Structures are given as C-alpha cells and as structure tokens.
Amino acid sequence: MLPQFLWALVVLTGVPSARPQTTTRLALSLDTPVTLTGKNFSSISTPVLFSLPSSSTSSSEVTISLALCAAASSNPPLVFVSNSSDSQVVPGPNGGANVFGVQIGNLGLGNFTLGLSSGSTAGVLAVYGGISSDSLEIGVTQGSTPLHAPVPHLPFFGDSTANEALLFSPPFSPPAPAPQPTYPNYTLPQANVTLPSAPSSQNSPNFTLFLAPLSVGLSALPQTACAIRAGVTSNTRAAQSAKVLAEQLWLRDALGWRKEWFVGQLTPLTNYTVYAIQDETQLSGPIYFATKSASFSCQLVHALPYCPTTAYAVPLPVPSPRALAYNASNLPDSLATPLLGYITNFTTSLLTTACGRDAYSPLQTCADCQAAYKRWICSVSLPRCGEFPQTSDSQQQQTLAVPAAALAPQPSGTPPRNAALGNVSDYTALLPCIETCNAVDRACPVFLGFRCPLPQFTANASYGVGYIDSADGDVMDGGVPGVPQDQWGNVFCNAS
Ligand SMILES: *[C@@H]1O[C@H](CO)[C@@H](O)[C@H](O)[C@H]1NC(C)=O
Ligand SMILES: *[C@@H]1O[C@H](CO)[C@@H](O)[C@H](O)[C@H]1NC(C)=O
Ligand SMILES: *[C@@H]1O[C@H](CO)[C@@H](O)[C@H](O)[C@H]1NC(C)=O
Ligand SMILES: *[C@@H]1O[C@H](CO)[C@@H](O)[C@H](O)[C@H]1NC(C)=O
Ligand SMILES: *[C@@H]1O[C@H](CO)[C@@H](O)[C@H](O)[C@H]1NC(C)=O
Ligand SMILES: *[C@@H]1O[C@H](CO)[C@@H](O)[C@H](O)[C@H]1NC(C)=O
Ligand SMILES: *[C@@H]1O[C@H](CO)[C@@H](O)[C@H](O)[C@H]1NC(C)=O
Ligand SMILES: *[C@@H]1O[C@H](CO)[C@@H](O)[C@H](O)[C@H]1NC(C)=O
Ligand SMILES: *[C@@H]1O[C@H](CO)[C@@H](O)[C@H](O)[C@H]1NC(C)=O
Ligand SMILES: *[C@@H]1O[C@H](CO)[C@@H](O)[C@H](O)[C@H]1NC(C)=O
Ligand SMILES: *[C@@H]1O[C@H](CO)[C@@H](O)[C@H](O)[C@H]1NC(C)=O
C-alpha cells in the first residue's frame with residue numbers, strides 16, 4: 001500500500017554524525033501523541049527535532065510509535081531516533097552510534113523500543129522529509145507497548161434496519177466465571193436476571209465508533225486511528241451519514257463488556273465500513289454491514305438482561321414515538337411474560353434432578369443446560385427478521401460467492417412461531433441456527449425430553465442448517481461458511 005522505504009537501518013557504521021548548530025527541540029511527553037502536518041514538516045534538509053521524555057526508574061526503555069494519518073506522499077516523513085549519551089548527535093540517514101530508523105509498515109504503523117540508560121540524558125527523535133499532504137502522529141510510551149497499535153479483536157454487528165443499526169465494540173473486562181452451584185444447595189439464576197454493574201470508566205477502554213458508506217473508501221486509507229478519524233470527520237458525506245443516538249456498556253456474553261452503539265440516520269441499501277477507536281490511538285476494524293431496503297418493517301430489540309445476546313430486528317410495530325427501539329422497558333408484556341415463564345418453568349423441571357450430585361453427563365451441568373435453554377428460547381420467542389438480497393450498491397460490490405442465508409418468507413396469515421406476536425404482517429424470517437437447538441439437546445438431561453428436528457427431515461424449515469456445524473451435525477464448525485455471520489456483513493442464521 002505504501003512505497004517501500006529505500007533507506008536501510010544503519011547501526012554503528014562509524015560514519016561521523018552531523019553536528020549542526022543547536023536546533024530547537026520540541027519535547028515529546030509520555031502517552032500524549034503529537035501530530036505533524038503541512039507546514040510542520042521541515043522544507044529544507046534539516047530535520048524537525050524532538051527530545052524524548054526520560055524514562056522513570058521503573059523502566060529502562062521507551063517505545064516510539066508512528067502512525068500515518070494520511071496516505072504517504074512521494075517524499076514521506078522518515079523518522080530516526082538516538083539514545084546516544086552525546087546530546088549533540090542528530091540521528092539521521094547517515095547512521096552513527098546508537099542511531100536507529102523507525103520503519104513504517106503497510107498498515108501505516110511503526111514502532112521501535114529504545115533502551116535508555118537510566119538517569120542519563122533522554123534520547124532524540126528526528127523527522128526528515130514530509131510535504132504538506134503528509135500527516136504523522138508520534139507517540140512515546142514507557143516500556144515496550146506502543147501507543148499506536150491495532151486492536152486484536154473486531155467490532156461486532158448486531159443488526160440493521162433501513163436506517164438504524166446496533167453495533168458493538170470489541171469485548172473487554174470479561175466477567176469472572178460465575179461460581180458453580182453445588183449440591184444440596186444447587187441454585188440457578190432467576191429468569192429475570194439483572195446485569196452486574198458495569199466496570200467504571202477509569203477501568204475500561206474508551207471506544208469511539210467511526211463509520212461511513214463503503215464508497216467513502218475508508219479501507220483504502222492507512223489503517224490507523226488518526227487516518228480513519230480524519231477520513232470520517234473531514235468527509236461531509238461520511239460525517240453526515242450516521243449518528244450515534246444512544247450508547248451504553250453491555251455484557252453480551254462471557255467474552256466481556258462491550259460499548260454498544262445505537263446508530264441512526266443511515267441510508268437504506270448501503271454497505272457501511274465500521275471501525276472502533278480505542279483510547280484515541282488504537283484501531284479495531286474494519287467490519288462491514290448493509291442496511292435494509294426502505295420497505296423493511298421490523299424493529300430493533302436490544303438491552304434485554306434476560307436475553308443478553310438479542311440485538312436484532314423483530315417483527316413488532318414501531319415503538320411508541322419517544323422510544324428509539326425496544327428494550328426491557330418497553331418490550332410488550334405479552335412477549336416478555338411468557339418468555340420469562342418458559343425459563344422459570346424449565347428451570348423448575350431441571351432442578352427436579354439432583355443437580356450437582358447425579359451427573360447426567362461428564363461434560364455438562366444443570367447450569368450449562370439452563371444457559372443453553374435461555375439462549376434458544378430467546379431466539380425462538382423473538383424471531384429475527386431478514387431480507388432477501390436486493391440489487392443495490394452493496395450487492396454490486398459483492399464479488400465472492402457467499403452461501404444464501406437461512407431466510408424463510410412469512411406471508412401474513414402464517415401461524416406465528418411465537419403466538420404472543422399475534423398476527424404480524426408479511427415479513428421474512430432469518431431462522432435460528434440449528435446449533436442453538438442442538439446445544440440444548442447436548443447440555444440437558446434426557447428426561448426433560450428436549451428434542452431438535454433432524455437435519456435429514458424438516459430441520460431446514462425452522463432452522464438454518466449446515467452454516468456453523470456440518471449439515472449432519474457431526475463436524476463442529478464444519479459448515480459452510482462455518483460461522484453464523486462474517487466480518488463482511490453477511491448474516492447466515494440467527495445465533496443470538
Ligand atoms: C504544527 O503546526 C501547527 C500550526 O502551524 C502548530 O500549531 C503546531 O504546534 C505544530 N506542531 C508541532 C509539533 O510543531
Ligand atoms: C540504545 O537502544 C538500543 C536499542 O534498544 C539498545 O540496544 C542500547 O543498549 C541503548 N543504548 C543505551 C546507551 O542505552
Ligand atoms: C512493532 O514493530 C514490529 C516490527 O518492528 C512489528 O512486528 C510489531 O507488530 C509492531 N507492534 C505493534 C503493536 O504494532
Ligand atoms: C444457597 O445458595 C444461595 C446462592 O448461592 C445463597 O444465597 C443461599 O443463602 C444458600 N442457602 C443455603 C441454605 O445455604
Ligand atoms: C472518550 O473519548 C471521547 C472522544 O475521543 C471523549 O470525548 C471522551 O471524553 C472520552 N471519555 C473518557 C471517559 O475518557
Ligand atoms: C430503554 O429505552 C428507553 C426509551 O427509549 C430509554 O430511556 C432507556 O434508557 C433504555 N434502557 C436501556 C437499558 O437501554
Ligand atoms: C424484570 O425485573 C425488573 C426489575 O428487576 C422489573 O422492572 C421488570 O418489570 C421485570 N420484567 C418482567 C417482564 O417481569
Ligand atoms: C409455567 O407453569 C405454570 C404452572 O404449571 C403454568 O401455569 C404456566 O402456564 C407455565 N408457563 C408457561 C409460559 O408455560
Ligand atoms: C460490503 O463491502 C465489502 C467490501 O467491498 C464486501 O466485501 C462485502 O461483501 C459487502 N457486504 C455486504 C453485506 O454487501
Ligand atoms: C388474526 O387473524 C385471524 C384471521 O385473519 C383473525 O381471526 C384473528 O382475530 C386475528 N388475531 C388478532 C389478535 O388480531
Ligand atoms: C430442505 O431440505 C430439503 C432436502 O434436504 C430440500 O429439498 C428443501 O428444499 C429444503 N427446504 C428449504 C426451505 O431450504
């Protein structure tokens with residue numbers, strides 16, 4: 001993506017270093033990035049110089065990290081650092097004792113860890129080159145973890161309507177595993193649970209959402225936080241295209257807490273590129289998702305403590321005017337009460353076995369059975385809406401053949417899967433993944449009589465079969481494509 005730098009890392013070549021007249025040195029501070037743009041770059045051959053902060057006694061090294069905030073020009077900025085004890089040394093392409101080049105890789109990121117003899121004069125950083133279109137962010141941290149880095153996990157797409165979407169940050173702060181209940185006082189959580197309290201903002205990473213239509217071209221920029229932020233905020237189409245209407249921390253599953261964003265003002269039938277920026281300098285993404293057509297009539301349901309993974313469109317009427325979507329406060333009682341009743345009654349039946357004393361499986365416990373049942377009952381009680389692919393900008397972009405999703409038309413008059421939904425008008429269901437059913441079958445004692453339809457018979461009328469596990473159910477993750485949804489915005493079946 002970026003031109004290969006033509007300079008080599010030159011160390012200890014014995015070439016005498018330049019000793020120009022004292023030039024102004026700007027100070028870099030720990031953990032606070034500095035940006036060089038436009039006129040900040042030196043137009044002549046003298047470099048822009050910075051003094052590095054000295055390391056504290058607890059650590060004898062600092063890490064310099066670089067991020068390109070715009071695609072590199074033909075005269076890109078080049079960065080050299082030195083930890084020479086001779087404070088007159090100006091690090092540069094001619095090398096010298098203790099002079100190092102910091103290479104920028106193809107994501108637009110670079111880092112270098114510099115040893116510092118404690119207490120001594122701190123190091124020097126020099127930036128050569130760069131023209132007005134270049135933009136470079138420089139960070140310094142103590143120790144060996146760079147300030148600029150990709151986040152290892154991706155954001156998560158909940159679902160979309162024509163102009164709204166539910167998006168989640170990568171997970172953080174996984175909860176401690178709940179202690180296993182023990183016989184004879186084997187207690188399981190109530191149906192209507194409350195979420196534990198969210199980690200405090202000081203103890204959680206600060207995630208910010210950035211998204212734009214595919215046509216804005218975010219994925220062609222350097223994949224750095226500053227480049228994506230600039231790419232969204234400086235582009236009027238991108239900046240006006242979406243708005244976060246609500247956000248909160250949400251514990252979806254055991255992976256941990258996530259920032260959840262409820263996004264509005266989206267354009268129908270458009271493919272969006274999504275990034276999450278952590279603490280200003282770390283980038284997660286991209287993932288993609290497509291909005292539905294303008295005629296899509298289902299409504300988003302989310303933030304249900306008893307169905308924590310539910311974050312998708314359900315065939316329900318438009319919520320009362322002041323609400324953005326359905327959550328635990330406005331989900332109709334006709335849906336919530338029976339759902340919680342099923343969980344309560346199932347739990348009562350389950351506890352008639354001597355949970356924790358008579359093992360019915362070497363691998364599974366009553367707590368696992370209840371958890372699998374809750375996930376399944378949520379996905380069948382709250383059917384998910386989908387939409388058959390439409391000719392659109394997102395479809396034209398699609399080049400690789402992807403499997404067709406588990407979509408089943410539900411013309412009005414079809415008996416609803418959940419009687420409490422009443423007579424809903426025409427919609428297309430995105431069927432639950434059969435694995436949500438098989439997980440209950442596998443985790444629960446046989447006497448409960450829980451059964452899933454068999455794949456060779458009618459399973460595909462009510463479930464998505466062969467997406468996660470192989471169609472016969474024998475090979476875990478052996479389905480096509482092996483996941484319920486992918487980072488490109490394809491959702492094959494409902495795994496929530
Ligand atoms: C870069 O230039 C801007 C505007 O001229 C100035 O405010 C800023 O301090 C400069 N930054 C550095 C690191 O020199
Ligand atoms: C300078 O940094 C390099 C690379 O981290 C290290 O090997 C060297 O020991 C350091 N020199 C001094 C004087 O600290
Ligand atoms: C730091 O730079 C090295 C190469 O110099 C690279 O392999 C590594 O991935 C970088 N680390 C981060 C967090 O970017
Ligand atoms: C049984 O366990 C629950 C939760 O772990 C606890 O609140 C309760 O006091 C225990 N009851 C007895 C009789 O030990
Ligand atoms: C998180 O980041 C945003 C945007 O960068 C900033 O406005 C906000 O104050 C930060 N919040 C915290 C708790 O640091
Ligand atoms: C639920 O929705 C109401 C109305 O839109 C809102 O005021 C409330 O904050 C939401 N609660 C959660 C947990 O999302
Ligand atoms: C679930 O519990 C909360 C309080 O803990 C209560 O406000 C809410 O009405 C309950 N939901 C249902 C459907 O019973
Ligand atoms: C749960 O069990 C009670 C008592 O047997 C019954 O009245 C109720 O209808 C059951 N609830 C559901 C949702 O099946
Ligand atoms: C969105 O665009 C990306 C990049 O072209 C593509 O790979 C992906 O399949 C598209 N997603 C959808 C849902 O159309
Ligand atoms: C659902 O439709 C059927 C047939 O059209 C009708 O008899 C019934 O009253 C309707 N039920 C509700 C709750 O609207
Ligand atoms: C279900 O599978 C059978 C064969 O196994 C196939 O004939 C039928 O078309 C499938 N139905 C759906 C709705 O995909």
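In this text the structure is predicted, and so the values were computed from the model without any measurement. Counting convention: from 1, in listed order, for ligands and their atoms alike.
- Atom CG of L211 is separated from atom OG1 of T273 by 8.5 Å, given to the nearest 0.5 angstrom.
- Shown in contact with N83 at under 4.0 Å from a heavy atom are these atoms of ligand 2, numbered in order with element: 1 (C), 2 (O), 3 (C), 8 (C), 10 (C), 11 (N), 12 (C), 14 (O).
- Checking only distances, G115 does come within under 3.5 Å of ligand 2, N or O to N or O.
- Residue contact check: L114 has heavy atoms under 4.0 Å from atoms 2 (O), 5 (O) of ligand 2.
- The A149 neighbourhood of ligand 3 comprises atoms 13 (C), with distances under 4.0 Å to a heavy atom of that residue.
- Looking only at atom types and distance, the side chain of S496 has no donor-acceptor partner in the side chain of S379 under 3.5 Å away.
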Just list the side-chain donor-acceptor pairs under 3.5 Å for residues 241-251, sequence neighbours left out, or say none.
from	atom 1	to	atom 2	distance (Å)
S241	OG	A238	O	2.9
E247	OE1	W261	NE1	3.2
Q248	NE2	E260	OE1	2.8
W250	NE1	P308	O	2.8

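- When only modelled atom types and interatomic distance are considered, T208 and R229 share no side-chain donor-acceptor pair under 3.5 Å.
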Check your understanding: Given the rule in the side-chain contact (heavy atoms from CB on, under 4.5 Å) test, do I64 and L28 qualify, once you have shown the distances and angles that lead to the verdict?
Key -> CA-CA 10 Å; I64 320 296; L28 285 169; 6.0 Å; no
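- Within the 4.5 Å cutoff, no side-chain heavy atoms of F112 are placed close to those of L66.
- On a distance-only criterion, H148 and ligand 3 share no N/O pair closer than 3.5 Å.
- Nearest heavy-atom pair, G231 versus L218, reported as atom, atom and distance to 0.1 Å: C-CD2, 4.0 Å.
- Residues lining ligand 1 at a heavy-atom distance below 4.0 Å are given as L26, V34, L36, N40, ordered by chain and residue number.
- The distance between the ring centers of W488 and Y288 falls below 6.0 angstrom.
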